[in-house]
Colleague: 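Here it is: the structure, laid out below.
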Amino acid sequence: MLHPWRDFGDFLKGIFPFKVQKISINAGFTCPNRDGSKGVGGCTYCNNQTFSPQYAANEKSVSQQLEEGIAFFSYKYPQMKYIAYFQAYTNTYDATEKLLAKYYEALNHPDVVGLIIGTRPDCVPDELLDALEKISKTHFLLIEYGVESTDNQTLEYINRGHTYEDAVDAIRRTVARGIYCGVHLILGLPDEDREKILSHADKIAQLPITTVKLHQLQLIRGTKMAEQYLEHPDRFHRYEVDEYIDLCLDFIRRLPKSFVIERFVSQSPKELLLIPGWGLKNYEFTARVQKRLEKKI
Ligand code: SF4
């Protein structure tokens with residue numbers, strides 16, 4: 001499929017001469033925006049139900065998760081290599097030596113060629129970045145920051161516990177060490193109209209990042225934000241799919257062509273989701289974006 005943007009597959013193809021697959025890892029880390037270290041209560045959209053100590057404690061080891069993930073893919077693609085994606089919660093929130101032990105556990109697997117580490121921008125001390133810089137000299141390494149919005153009023157309202165300036169600082173310190181850096185943004189947060197959302201694109205366009213992940217706002221039952229929505233629906237814009245696609249396209253048109261656009265949507269389990277109920281998987285959504293570009297819908 002031809003995209004007017006650079007996708008993650010193209011990006012990896014430019015780096016590796018073989019097929020590479022991400023394997024999601026839950027390394028049992030927690031979140032400083034819940035335990036009082038950075039904040040309490042967590043982000044207002046965060047799904048409380050999956051945030052239990054048992055969830056982390058019951059997790060399998062990093063090696064076991066990798067083995068299981070690799071077994072699934074290697075049957076069909078024996079030559080494939082893998083990137084361990086530390087995805088769940090805040091994957092830089094622990095003592096540096098404990099973090100490094102988990103990262104190296106993944107890298108010690110003979111078929112793992114790199115890491116992607118998802119985290120908050122206020123959780124990357126220089127000492128850790130220095131250690132990660134060493135990893136980036138020998139392996140693929142991408143750090144993904146949850147930026148979510150570039151508007152500090154929004155960040156405060158959603159109780160993110162950090163500012164946009166914190167995000168810019170983390171990105172600059174990361175990229176200064178030669179580490180690939182990605183950002184995650186949520187489109188459609190409360191009180192953010194189309195113009196405000198597109199201003200995020202103008203701001204992140206100025207940053208030295210490599211990848212961008214966009215997600216539609218999803219309201220999960222039982223969250224603080226779902227409650228706010230029921231009390232003040234006027235603060236939220238309910239996007240229809242095509243309207244959201246147009247927003248995404250206008251968003252990426254404002255970004256440098258060199259940015260890798262990794263995704264436009266995410267899918268929470270249907271039974272937890274209050275809105276929107278689009279029911280589209282990531283690849284189905286991307287196909288619809290493509291059709292829209294070709295003006296077929
Ligand atoms: S969304 Fe992430 S940073 Fe926010 S409370 Fe949930 S786990 Fe923590």
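In this text, all values refer to a predicted model and were calculated from it rather than measured experimentally.
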Colleague: Has T90 got a side-chain atom pairing as donor or acceptor with T92's backbone, closer than 3.5 angstrom?
Modeller: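 Not confirmed, T90 side chain does not pair with T92 backbone.
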
Colleague: For the residue pair R6 and S258, what are the closest heavy atoms and their distance?
Modeller: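 Scanning both residues, the minimum pair turns out to be NH1-O, 2.8 Å.
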
Colleague: Should D250 and R254 count as an ion pair when the cut-off is N to O under 4.0 Å?
Modeller: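 A salt bridge is absent here (no side-chain N lies under 4.0 Å from a carboxylate O).
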
Colleague: For F72, look at atom CZ and say whether over 12 heavy atoms of other residues, nucleotides or ligands are found less than 6.0 Å away.
Modeller: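 Open: at most 12 neighbouring heavy atoms sit under 6.0 Å from CZ of F72.
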
Colleague: Looking at T119 and Y145, would you say the former's side chain and the latter's main chain have a donor-acceptor pair under 3.5 Å?
Modeller: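 Checked: no pair found.
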
Colleague: Is the NZ or CZ atom of K102 positioned over F86's six-membered ring, under 6.0 angstrom from the centre and within 45° of the axis?
Modeller: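 No - K102 does not lie over the ring of F86 by the 6.0 Å and 45° rule.
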
Colleague: In the single-linkage hydrophobic clustering (I, L, V, M, F, W, Y; side-chain heavy atoms under 4.5 Å), do L217 and V212 co-cluster?
Modeller: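 Yes: a chain of side-chain contacts under 4.5 Å links L217 to V212.
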
Colleague: Do S199 and D202 pair up side chain to side chain, a donor and an acceptor below 3.5 Å, judged on atom types alone?
Modeller: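 Distance-only check fails for S199 and D202.
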
Colleague: Within this structure, what is the CG-OG1 distance for the pair L185 and T150, rounded to the nearest 0.5 Å?
Modeller: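 Interatomic distance, L185 CG to T150 OG1, rounded to 0.5 Å: 7.5 Å.
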
Colleague: Looking only at heavy atoms, what is the nearest atom pair of L155 and Y164, with distance?
Modeller: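 So the minimum-distance heavy-atom pair works out to CD1-N, 3.4 Å.
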
Colleague: With a 3.5 Å distance limit and no angle check, can you tell me whether Q218 reaches the backbone of S268 through a side-chain donor-acceptor pair?
Modeller: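 Flag set: sc Q218 to bb S268 pair under 3.5 Å.
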
Colleague: When you look at R221 and L273, which way does the side chain to side chain contact (heavy atoms under 4.5 Å, CB included) test go after all the steps?
Modeller: CA-CA 6 Å; R221 293 179 199 281; L273 195 59; over 6 Å; no

Colleague: Using modelled atom types only, decide if a donor and an acceptor are shared between the side chain of N159 and the backbone of V40 within a distance under 3.5 Å.
Modeller: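 Side chain of N159 to backbone of V40, a donor-acceptor pair under 3.5 Å: yes, one is there.
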
Colleague: Can you measure from CD (Q87) to CG (N26) and round to the nearest 0.5 angstrom?
Modeller: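 Between atom CD of Q87 and atom CG of N26 there are 9.0 Å.
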
Colleague: Run the numbers on D126 and R177 for side chain to side chain contact (heavy atoms under 4.5 Å, CB included), then give the verdict.
Modeller: CA-CA 10 Å; D126 281 338; R177 288 169 169 83; 3.4 Å; yes

Colleague: With the side chain counted from C-beta on, respond yes when V112 and K81 share a heavy-atom pair under 4.5 Å apart, and no when they do not.
Modeller: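 No. Closest side-chain heavy atoms not under 4.5 Å.
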
Colleague: Would you tell me whether Y93 and D35 have side-chain atoms, one donor and one acceptor, within less than 3.5 Å of each other?
Modeller: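 D35 and Y93 do have a side-chain donor-acceptor pair below 3.5 Å.
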
Colleague: Is atom CZ of F18 surrounded by more than 12 heavy atoms (other residues, nucleotides or ligands) closer than 6.0 Å?
Modeller: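 Enclosed: over 12 neighbouring heavy atoms sit under 6.0 Å from CZ of F18.
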
Colleague: Can you find a pair of side-chain heavy atoms, one from K19 and one from Q79, that are under 4.5 Å apart?
Modeller: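 No, side chains not in contact.
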
Colleague: Hey, is the main chain of V124 close enough, under 3.5 Å, to the side chain of R173 for a donor-acceptor pair?
Modeller: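 Present.
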
Colleague: Counting only heavy atoms not in K203 (residues, nucleotides, ligands), do more than 12 fall under 6.0 Å from its NZ?
Modeller: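 Correct, the count exceeds 12.
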
Colleague: Hey, can you tell me if F29 and Y103 have their rings parallel, tilted or perpendicular (30° and 60° cut-offs)?
Modeller: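 Correct class here is perpendicular.
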
Colleague: Test F236 against D191 for side chain to side chain contact (heavy atoms under 4.5 Å, CB included), laying out the working first.
Modeller: CA-CA 6 Å; F236 297 76; D191 299 334; over 6 Å; no

Colleague: Indicate whether any N or O donor in one side chain lies under 3.5 Å from an N or O acceptor in the other, for E144 and Y85.
Modeller: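 Checked: E144/Y85 side chains pair up, N/O donor to acceptor below 3.5 Å.
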
Colleague: Between R194 and E243, does any NZ, NE, NH1 or NH2 come within less than 4.0 Å of an OD or OE carboxylate oxygen?
Modeller: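 So E243 does not pair with R194 through a salt bridge.
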
Colleague: Indicate whether any N or O donor in one side chain lies under 3.5 Å from an N or O acceptor in the other, for Y89 and R34.
Modeller: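 Y89 vs R34: no donor-acceptor pair found between side chains.
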
Colleague: Please check this pair: side chain of Q216 against backbone of P276, looking for a donor-acceptor N/O pair closer than 3.5 Å.
Modeller: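 No.
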
Colleague: Decide yes or no for I83 and F140: does some side-chain heavy atom of the first lie under 4.5 Å from some side-chain heavy atom of the second?
Modeller: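 Result yes, sub-4.5 Å side-chain heavy-atom pair found.
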
Colleague: Would you say Y82 and L66 make side-chain contact, with heavy atoms under 4.5 Å?
Modeller: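 No; the side chains remain at least 4.5 Å from each other.
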
Colleague: Kindly compute the distance separating CG (N152) from CZ (R160), expressed to the nearest 0.5 Å.
Modeller: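 If we round to the nearest 0.5 Å, N152:CG and R160:CZ are 12.5 Å apart.
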
Colleague: Would you say the rings of Y244 and W278 are close, in the sense that their centroids are separated by under 6.0 Å?
Modeller: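 Yes: the rings meet the under 6.0 Å criterion.
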
Colleague: How far apart are the C-alpha atoms of N33 and C43, what are their side-chain angles, what is the distance that settles it, and do they pass the side chain to side chain contact (heavy atoms under 4.5 Å, CB included) test?
Modeller: CA-CA 7 Å; N33 198 23; C43 309; 3.5 Å; yes

Colleague: I need the S136 OG to I179 CD1 distance, nearest 0.5 Å.
Modeller: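 Result: 4.5 Å between the selected atoms.
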
Colleague: State plainly whether one hydrophobic cluster holds both I171 and L132, where clusters connect Ile, Leu, Val, Met, Phe, Trp and Tyr through side-chain heavy atoms under 4.5 angstrom apart.
Modeller: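 Both belong to a single hydrophobic cluster.
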
Colleague: Does some side-chain heavy atom of S149 sit less than 4.5 Å from a side-chain heavy atom of H200?
Modeller: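 They are in side-chain contact.
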
Colleague: Kindly compute the distance separating CD1 (I117) from CG (L128), expressed to the nearest 0.5 Å.
Modeller: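 Interatomic distance, I117 CD1 to L128 CG, rounded to 0.5 Å: 7.0 Å.
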
Colleague: Hey, quick one: are L219 and L187 part of the same hydrophobic cluster, counting side-chain heavy atoms closer than 4.5 Å, chains of contacts allowed?
Modeller: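 In one cluster: yes.
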
Colleague: Can you tell me if H109 uses its side chain to pair, donor with acceptor, with the backbone of D111 under 3.5 Å?
Modeller: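 Between the backbone of D111 and the side chain of H109 there is a qualifying donor-acceptor contact (under 3.5 Å).
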
Colleague: Should we say atom CD of E156 is surrounded by more than 12 heavy atoms from elsewhere, each under 6.0 Å from it?
Modeller: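 Open.
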
Colleague: Can you tell me if CD on E195 sees more than 12 non-hydrogen neighbours from other groups inside 6.0 Å?
Modeller: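 Atom CD in E195 is not crowded, with 12 or fewer foreign heavy atoms closer than 6.0 Å.
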
Colleague: So, is the end of the R235 side chain (NZ or CZ) under 6.0 Å from the ring centre of Y157 and within 45° of the ring's axis?
Modeller: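 Ring-cation test returns yes.
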
Colleague: How close do I220 and T223 get, heavy atom to heavy atom, and via which atoms?
Modeller: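 Scanning both residues completely, I find the closest heavy atoms to be O-OG1, 2.7 Å.
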
Colleague: Where do R263 and S266 come nearest, in terms of heavy atoms and distance?
Modeller: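 Scanning both residues completely, I find the closest heavy atoms to be NH2-CA, 3.8 Å.
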
Colleague: Going by atom types alone, do E192 and H237 pair a side-chain donor with an acceptor below 3.5 Å?
Modeller: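 Result is no, nothing qualifies.
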
Colleague: Quick one: does N108's side chain have a donor or acceptor within less than 3.5 Å of a partner on Y104's backbone?
Modeller: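 Yes, because the side chain of N108 sits within donor-acceptor range (under 3.5 Å) of the backbone of Y104.
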
Colleague: Taking all heavy atoms of L107 and all of H139, pick out the closest pair and write down the distance.
Modeller: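 Closest pair (atom of L107, atom of H139, distance): CD2-CD2, 3.6 Å.
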
Colleague: For the CD atom on Q153, are there more than 12 heavy atoms of other groups (residues, nucleotides or ligands in this structure) within a distance under 6.0 Å?
Modeller: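 Count not over threshold, so no.
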
Colleague: Is the backbone of P121 close enough, under 3.5 Å, to the side chain of D166 for a donor and an acceptor to pair up by distance?
Modeller: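 Here the side-chain-to-backbone pair does not exist.
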
Colleague: Under 30°, 30 to 60°, or over 60°: which ring-plane class applies to F264 and F285, parallel, tilted or perpendicular?
Modeller: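 Tilted: the ring planes of F264 and F285 meet at 30° to 60°.
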
Colleague: Do you know the tightest heavy-atom contact between L280 and R288?
Modeller: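 The answer is CD1-CD, 4.1 Å.
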
Colleague: Treating Ile, Leu, Val, Met, Phe, Trp and Tyr as nodes and any side-chain heavy-atom pair under 4.5 angstrom as an edge, say whether L189 and I197 lie in one connected cluster.
Modeller: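 Yes, it is one cluster - the side chains of L189 and I197 are joined through contacts under 4.5 Å.
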
Colleague: Would you call the rings of H184 and H215 parallel, tilted or perpendicular if under 30° counts as parallel and over 60° as perpendicular?
Modeller: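 The rings of H184 and H215 stand perpendicular, inter-plane angle above 60°.
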
Colleague: Roughly how far apart are L100 CG and I135 CD1, rounded to 0.5 Å?
Modeller: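 Nearest 0.5 Å value for the CG-CD1 distance: 6.0 Å.
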
Colleague: Below 4.5 Å, heavy atoms only, C-beta onward: do L207 and R172 meet side chain to side chain?
Modeller: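 Yes, close enough: below the 4.5 Å cut-off.
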
Colleague: With a 4.5 Å cut-off on side-chain heavy-atom distances among I, L, V, M, F, W and Y, is there a chain of contacts connecting W5 to Y180?
Modeller: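 In one cluster with W5: Y180, no.
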
Colleague: Could you tell me whether E68 and K60 have a side-chain N and a carboxylate O separated by less than 4.0 Å?
Modeller: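 Answer for the salt bridge query: yes.
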
Colleague: Considering only heavy atoms from C-beta outward, does the side chain of Q65 approach that of I23 to under 4.5 Å?
Modeller: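 Heavy-atom side-chain distance check fails, nothing below 4.5 Å.
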
Colleague: For the residue pair F8 and F11, categorise the inter-ring angle as parallel (less than 30°), tilted (30 to 60°) or perpendicular (more than 60°).
Modeller: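 The arrangement is tilted - the two ring planes meet at 30° to 60°.
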
